[in-house]
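Throughout, protein chains are lettered first and strands after them, A, B, ... in sequence-line order, and every chain is numbered starting at 1.
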Amino acid sequence: MQPFESVLAPMLKAYSKLAEDDLPLSAPPNLALGDVAVPMFLAAKKHGTAPVLFAKEVAESVAFGPEVISVAAAGPYLNLKLDRPAFAKRIVAAVLADGDRHGSNGSGRGMRALIEHTSINPNASPHVGRARNAMIGDALARLFRFEGYDVEVHYYVNDMGRQIGLLVLIADELEDLSFDGILDAYVRANARAEKDSAFAGQGYALLAKMEEGDPETQERFRRITDLCLQGQLAVLARLGATYDVFDHESEYLKDPRLDAVLEALRARGALFTDDEARLVVDLAKLGHTAEEGRYFVLMRANGSSMYGCRDLAYTIAKEEKGADVNLIVLGEDHKLYAQQLAMILEAAGHKAPEAVYYSYILLKEGKMSTRQGNVVLLSDFLDQAAALAAERVAEQCHDITPEEQRTIAEQVAVAAIRFAVLRVNANKNVIFDMDAALSFQGDTGPYVQYSCARINSILRKYGKPLPDTPGHAFPLAADAEWALLTRMAAFPGVVDTALRQRTCAPIAGFALDFARAFTTFYHECPVLQAGDPAIMEARLLLCRAALQTLRNALHILGIQAPERM
RNA sequence: GUACCUGUAGCUCAAUUGGAUAGAGCGCUUGGCUACGGACCAAGAGGUUGGGGGUUCGAGUCCCUCCAGGUACGCCA
């Protein structure tokens with residue numbers, strides 16, 4: 001979709017050196033200056049003159065067609081006033097024609113993406129901090145799918161390790177262990193291991209048996225990790241997060257892929273056995289300069305393998321799938337570890353996955369700590385939010401069934417948390433405010449959903465069939481209408497930058513800005529009471545295109561757009 | 001101690017990646033329901049972009065330095 005061709009083409013024709021990318025259309029600070037602006041920095045550089053001079057030259061010399069009403073240079077900017085109805089018609093027609101695909105640039109067609117995310121240790125119910133991984137990862141998967149990638153989502157189940165061993169041990173003492181009891185058991189197991197060294201030793205022994213491949217032990221581990229995983233997945237499913245493949249850490253024990261890595265490390269002289277008989281990688285031999293993080297332990301003195309061994313094999317297994325994009329979503333606490341892993345992989349001729357890091361979600365009281373009990377569990381948040389939303393829905397939509405009301409309330413709750421998390425840049429520590437997250441006012445997912453509900457309400461009240469595309473007359477020229485139109489046209493660009501930067505935060509920002517622009521339109525431009533039938537029809541089609549745009553943005557974020565709420 | 005991330009309005013966050021007068025929401029003040037749905041809108045107050053230096057036509061953004069918070073740093077996963 002390039003609805004502004006009649007703006008760009010005359011300039012491209014007059015200056016053959018310029019390409020479309022040199023003339024990025026943007027919005028002027030206010031509509032009094034113009035309908036669109038072109039910053040001339042890039043173009044002037046290519047043309048070899050100063051931006052201010054070049055803007056003046058273009059304004060005076062380029063012959064624009066009839067759709068451009070006026071051109072004015074304002075410093076390094078070119079401000080143009082346009083025949084708004086002509087552009088409006090083209091933009092709305094394009095959005096309606098693209099439908100569910102409006103916003104997609106199709107940049108991933110014919111390509112595959114592998115995304116690993118969530119991968120929570122199977123020992124507790126996810127809190128909103130951990131769930132940040134799932135929300136970021138799931139939204140990225142949706143973004144890549146939207147752009148045309150064939151996406152495969154992987155979940156790595158950490159079903160090995162000392163903590164799981166302890167959990168298995170303590171589970172034996174409990175009758176009827178349920179998912180809800182796991183967190184409690186986990187805390188007790190760890191506390192006991194700290195005091196009771198015999199108990200801790202038992203944990204290691206069990207782990208050793210697991211690693212040897214003892215079937216009965218593997219069965220015990222699998223029972224506990226499955227219980228946890230199913231409980232976690234049930235909560236994540238409420239968010240709408242889905243996974244294609246579950247990979248278990250225990251499947252990568254004694255993996256031949258690791259032997260090849262060890263050989264490569266040995267050849268580089270980077271592998272040594274330290275004075276306590278551990279097998280260690282000296283990353284300095286691979287180009288690591290700092291002293292911290294220089295050593296990476298692979299095997300314990302007793303010959304049992306560390307997490308990194310399995311992770312190396314697993315990461316190579318993922319690489320072997322040959323996806324065009326290989327992403328992994330990691331907490332910032334894994335940054336050094338992932339860099340170490342990448343260094344080892346590269347030394348062995350492999351390519352590490354591209355990591356997307358996120359920082360922790362904090363509470364006003366400080367860090368979330370499972371042990372200290374100051375956590376906000378995802379399921380608790382969703383329950384509270386859904387209950388609040390249900391009250392509102394019951395007030396406003398009393399003529400629909402209770403089941404439908406519950407469905408909508410749940411959709412609002414999910415929107416609240418997903419939007420709150422996704423709209424913030426991933427590398428920022430965010431402070432989670434429970435009251436703010438439950439308010440549904442202002443910069444929130446429910447606010448965006450509310451805009452959709454209003455549009456649906458208008459279309460529902462109109463009640464008659466609408467043409468699929470604008471007719472001859474399309475008299476949309478008001479500022480509030482124009483603000484909506486330029487945003488619709490800008491959506492593919494937002495999707496493109498989001499994809500390139502591997503973050504859905506710009507999509508959330510766009511949705512919010514768009515919803516606000518719609519509400520302004522809603523208050524300023526009557527649709528069903530427009531008077532003139534041509535204006536009414538044009539505004540109805542504008543509403544439909546706006547709804548399509550919002551739905552597509554929300555779809556990427558994993559948020560439903562209920563017709564009523 | 002060292003490395004990486006962050007610091008923007010009272011609070012929670014934006015800022016087209018170096019570009020026009022740094023924008024929203026919450027909270028506060030004022031106004032708007034004879035309604036296409038008030039989970040709303042309009043207006044107002046609120047800023048030395050943590051401090052200091054530098055780079056250039058131009059810096060919240062890049063460089064140096066100090067301060068504060070987060071994260072990590074050899075047998076956790």
Nucleotide [N], atom [atom2] - distance to [atom1] of [X] in whole Å:
X        : N      : atom1 : atom2 : answer
A:Arg500 : B:rU16 : CZ    : C1'   : 11 Å
A:Leu279 : B:rG74 : CG    : P     : 17 Å
A:Leu330 : B:rC5  : CG    : P     : 16 Å
A:Phe419 : B:rA24 : CZ    : C1'   : 11 Å
A:Leu512 : B:rA15 : CG    : P     : 12 Å
A:Asn425 : B:rC5  : CG    : C1'   : 12 Å
A:His288 : B:rC73 : NE2   : C1'   : 9 Å
A:Arg423 : B:rA14 : CZ    : P     : 7 Å

For [X], answer base if it contacts any base atom (sugar-phosphate contacts may also be present), sugar-phosphate if it contacts only those atoms, and nothing otherwise; contact means non-hydrogen atoms under 4.0 Å.
X        : value
A:Tyr357 : nothing
A:Asp433 : nothing
A:Ser439 : nothing
A:Pro39  : nothing
A:Val424 : sugar-phosphate
A:Met565 : base
A:Glu332 : base
A:Gly75  : nothing
A:Glu276 : base
A:Val430 : sugar-phosphate
A:Ser457 : base
A:Ala37  : base
A:Asp282 : nothing
A:Cys452 : nothing

Nearest to the side chain of [X], which nucleotide is it out of [options]?
X        : options                : answer
A:Thr520 : B:rA42, B:rA20, B:rA39 : B:rA42
A:Lys428 : B:rC73, B:rU6, B:rG69  : B:rU6
A:Leu336 : B:rC40, B:rA77, B:rA72 : B:rA72
A:Glu249 : B:rA77, B:rA20, B:rC40 : B:rA77
A:Gln501 : B:rU17, B:rC75, B:rA39 : B:rU17
A:Asp443 : B:rA20, B:rG25, B:rC41 : B:rG25
A:Ser26  : B:rU16, B:rA39, B:rU2  : B:rU16
A:Arg278 : B:rA77, B:rC75, B:rC26 : B:rC75
A:Asn429 : B:rA77, B:rG70, B:rU12 : B:rG70
A:Val393 : B:rA77, B:rA39, B:rU71 : B:rA39

*Which value, rounded to the nearest 0.5 Å, describes the distance between A:Arg418 atom CZ and A:Met135 atom CE?*
7.5 Å
_Atom pair CG (A:Leu459) and CG (A:Leu466), whose distance is rounded to the nearest 0.5 Å_ =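 Here the rounded value is 7.0 Å.
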_Exceeds 12 heavy-atom contacts within 6.0 angstrom, atom NZ of A:Lys45_ =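 No, because the 6.0 Å sphere around NZ of A:Lys45 holds 12 heavy atoms or fewer from other groups.
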*NZ of A:Lys318: more than 12 outside heavy atoms within 6.0 angstrom?*
yes
*Using atom P of each nucleotide, how far apart are B:rU61 and B:rC5 to the nearest Å?*
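To the nearest whole Å, 15 Å.
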_Atom P, compared across B:rC26 and B:rU65: separation rounded to whole Å_ =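 Taking atom P in both B:rC26 and B:rU65, they lie 42 Å apart.
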_Working note: A:Ser250 + A:His248, criterion side-chain hydrogen bond (donor to acceptor under 3.5 Å, both in side chains); need CA distance, chi angles, decisive distance, verdict._
CA-CA 5 Å; A:Ser250 58; A:His248 288 77; 5.9 Å; no
_A:Thr49 and A:Glu57: side chain donor to acceptor below 3.5 Å_ =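 Looking only at side-chain atoms, A:Glu57 and A:Thr49 do not form any donor-acceptor pair under 3.5 Å.
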_Under 6.0 Å between ring centres: does that hold for A:Phe518 and A:Phe521?_
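Between A:Phe521 and A:Phe518, which both carry aromatic rings, the centre distance is below 6.0 Å.
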_Check: A:Tyr314 ring centre within less than 6.0 Å of A:Tyr156 ring centre_ = yes
*Do you know which two heavy atoms are closest between A:Gln232 and A:Tyr155, and how far apart they sit?*
OE1-OH, 3.6 Å
Does OP1 or OP2 of [N] have a side-chain N or O of [X] closer than 4.0 Å?
X        : N      : result
A:Asn427 : B:rC4  : no
A:Arg454 : B:rA39 : no
A:Tyr450 : B:rA39 : yes
A:Lys335 : B:rC73 : no

*asked:* Pick the closest RNA chain B nucleotide for A:Arg516 and for A:Leu528 by heavy atoms, then say which residue is nearer the 5' end.
replied: A:Arg516
*So which one's nearest nucleotide on RNA chain B is more toward 5', A:Ala74 or A:Tyr447?*
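Mapping each residue to its closest nucleotide by heavy atoms, the 5'-most match is A:Ala74.
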*asked:* Any N or O donor-acceptor pair under 3.5 Å from the base of B:rC76 to the side chain of A:Gln163?
replied: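 In this structure, the two groups form no donor-acceptor pair.
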_Quiz question: going by heavy-atom distance under 3.5 Å, is there a donor-acceptor pair between the base of B:rA20 and the side chain of A:Asn30?_
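Such a pair does not exist between side chain and base.
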*Are any of the side-chain nitrogens in A:Glu481 or A:Arg539 under 4.0 Å away from the carboxylate oxygens of its partner?*
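Result for this pair is yes, salt bridge flagged.
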*Using the criterion of both pairing distances under 3.5 Å for Watson-Crick and G-U wobble pairs, give all stems of 3 or more consecutive pairs involving RNA chain B.*
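Detected stem regions: B:1-7 with B:67-73, B:10-13 with B:23-26, B:28-32 with B:40-44, B:50-54 with B:62-66.
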*Is the cationic atom of A:Arg192 (NZ for Lys, CZ for Arg) positioned less than 6.0 Å from the six-membered ring centroid of A:Phe199 and within 45 degrees of its normal?*
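Pair A:Arg192/A:Phe199 counts as cation-pi.
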